[in-house]
Amino acid sequence: MGLDLEVFVSETDKQNASDYMCSVCTDIAHPPVVFPCDSEHVFCEGCVTADLVLCPLDRQPIPPGKTTGQLKGSALRIYNKLTLHCPNQCNSWTGVMSDLDSHIASKCNAAQVLCPHKGCGQRFLRKELENHTTECKHRTVLCDHCKTSVLQLFLDEHVSSSCLSAPVACPHGASRCPTVTRSMLYNHEAHECAYVPVACSWSPMGCTHRSTRAEMHLHRRDPAALADH
């Protein structure tokens, strides 16, 4: 799609712009391309495709090996000097055609822009983008525990399953045990936890008794157990 004739400032601009009307969308061609027909008709770049074999306006066949070209000479100079308001109605820019693309690409608050975070793919008005980027689930954040960079989308999964610095509850003692980091959980279970089931130290000699680490001393003091050992 091209530019509405009403965005041009003066009647002279509108009259000159009419010479660049795209016959496909009936707007002013933008960006303009010159079709390789004998009359060199002008169309919007987005309104013609590379596989066309006939001019959309006069149906003339395209000569072999010819492709669309760019405006040149006086046609390009007149086009670039056309004065217009921002077609996105941002109400903050009026300028010449040669500066329009730069305005839209970097400054226009009413232009549609792509979220910069890889994997998001959503588009927003530039004036709304900052709010989105601070909340986008595809932004990179630091884990509060290990300070590793993680996508916000996967932060909860990271903390709950793989972060070695995240606090975890002992699966044996639960609230009765002190909270430890995931990296220290094995050591806690192997050497510290009073509620983990352990084998009697005399198991190499045939004892099959198992109890929690905290209760094992009772077994070792049991006269009946001592007799079996």
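These values consider heavy atoms only, across backbone and side chains, with no hydrogens, waters or symmetry-generated copies. The chain is numbered in sequence order, starting from 1.
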Next on the checklist: Using side-chain contact (heavy atoms from CB on, under 4.5 Å), reason through T94 and C86 one step at a time and then give a plain yes or no.
Outcome noted: CA-CA 6 Å; T94 298; C86 175; over 6 Å; no
Item to check | Derivation of the side-chain contact (heavy atoms from CB on, under 4.5 Å) call for E130 and F124 | outcome: CA-CA 10 Å; E130 184 176 355; F124 299 87; over 6 Å; no
Checklist entry - Hey, mind stepping through H138 and L153 against side-chain contact (heavy atoms from CB on, under 4.5 Å) and telling me if it holds? => result CA-CA 6 Å; H138 293 270; L153 184 66; 4.1 Å; yes
Item to check | Check against side-chain contact (heavy atoms from CB on, under 4.5 Å), R123 and C115 | outcome: CA-CA 6 Å; R123 289 183 174 274; C115 174; over 6 Å; no
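The CG atom of D4 sits 12.0 Å away from the NE2 atom of H85 when rounded to the nearest 0.5 Å. With values rounded to the nearest 0.5 angstrom, Q152 atom CD is found 12.0 Å from H158 atom NE2. L100 CG to T83 OG1: the interatomic distance, rounded to the nearest 0.5 Å, is 11.5 Å. One distance of note links CG of D13 with CD1 of I78; it measures 11.5 Å at 0.5 Å rounding. To the nearest 0.5 Å, atom NE2 of residue H103 and atom SG of residue C90 are 3.5 Å apart. In this structure, N80 CG and S98 OG are separated by 5.0 Å, a value rounded to the nearest 0.5 Å.
A194 and T212 get closest at one heavy-atom pair: O-CB, 3.4 Å. Closest heavy-atom contact between P197 and R210: O-NH2, 3.4 Å. Residues C143 and C163 approach most closely at SG-SG, 3.7 Å, considering heavy atoms. For the residue pair L5 and A17, the shortest heavy atom distance occurs at CD1-CB, 4.1 Å. Of all heavy-atom pairs spanning A110 and N88, the tightest one is CB-O, 3.4 Å. Contact record, H145 with S165: O-CB, 3.5 Å, taken as the closest heavy-atom pair.
By the 30° and 60° cut-offs, the orientation of the rings of Y79 relative to H30 is parallel. Relative ring orientation between H219 and H209 is described as parallel, the plane-to-plane angle staying below 30° on a 0-90° scale split at 30° and 60°.
Between the S160 side chain and the E157 main chain, a donor and an acceptor come within less than 3.5 Å of each other. Formation of a donor-acceptor pair under 3.5 Å by the S203 side chain with backbone atoms of A199 is not found in this model. For R182 (side chain) and V159 (main-chain N/O), a donor-acceptor pair under 3.5 Å exists by modelled atom type. The backbone N or O of D99 lies less than 3.5 Å from no partner atom in the side chain of S102, so there is not a single donor-acceptor pair. With hydrogens and angles ignored, the 3.5 Å screen pairs no side-chain donor or acceptor of R77 with any backbone N or O of K72. One N or O on the side chain of K147 and one on the backbone of D144 form a donor-acceptor pair closer than 3.5 Å.
Residue L76 is grouped with residue M21 when hydrophobic side chains (ILVMFWY) are merged at heavy-atom distances under 4.5 angstrom, including chains of intermediate members. Residues F35 and V42 fall into different hydrophobic clusters, defined by Ile, Leu, Val, Met, Phe, Trp and Tyr side chains chained together at heavy-atom separations under 4.5 Å. Taken together through direct or relayed side-chain contacts under 4.5 Å among Ile, Leu, Val, Met, Phe, Trp and Tyr, L3 and W93 form part of one hydrophobic cluster. Hydrophobic clustering of Ile, Leu, Val, Met, Phe, Trp and Tyr side chains at less than 4.5 Å, counting indirect connections, keeps L114 apart from L125. V198 and W202 end up in different hydrophobic clusters when Ile, Leu, Val, Met, Phe, Trp and Tyr side chains are linked at under 4.5 Å.
Proximity of L218 to S211: side-chain heavy atoms (C-beta onward) are nowhere separated by under 4.5 Å. With contacts defined as side-chain heavy-atom distances shorter than 4.5 Å, the pair L164/T181 does not qualify. Contact of the C120 side chain with the H132 side chain is registered, since non-hydrogen atoms from C-beta on lie closer than 4.5 Å. For the pair Y195/C170, no side-chain contact is recorded, criterion being any heavy-atom separation below 4.5 Å from C-beta on. Looking at V48 and V33, their side chains come closer than 4.5 Å, going by heavy atoms from C-beta outward. Residues L155 and V141 meet the side-chain proximity criterion, which asks for heavy atoms closer than 4.5 Å. A 4.5 Å side-chain heavy-atom check between L57 and F43 finds at least one atom pair inside the cut-off. At a threshold of 4.5 Å between non-hydrogen side-chain atoms, the residues H41 and C55 count as touching.
Within a 6.0 Å sphere centred on CD of E40, other residues, nucleotides and ligands contribute 12 heavy atoms or fewer. Within 6.0 Å of the CD atom in Q15, the count of heavy atoms belonging to other residues, nucleotides or ligands does not exceed 12.
Salt-bridge formation is not detected for the pair R213/E192: no Lys NZ or Arg NE/NH1/NH2 atom is positioned less than 4.0 Å from an Asp or Glu carboxylate oxygen.
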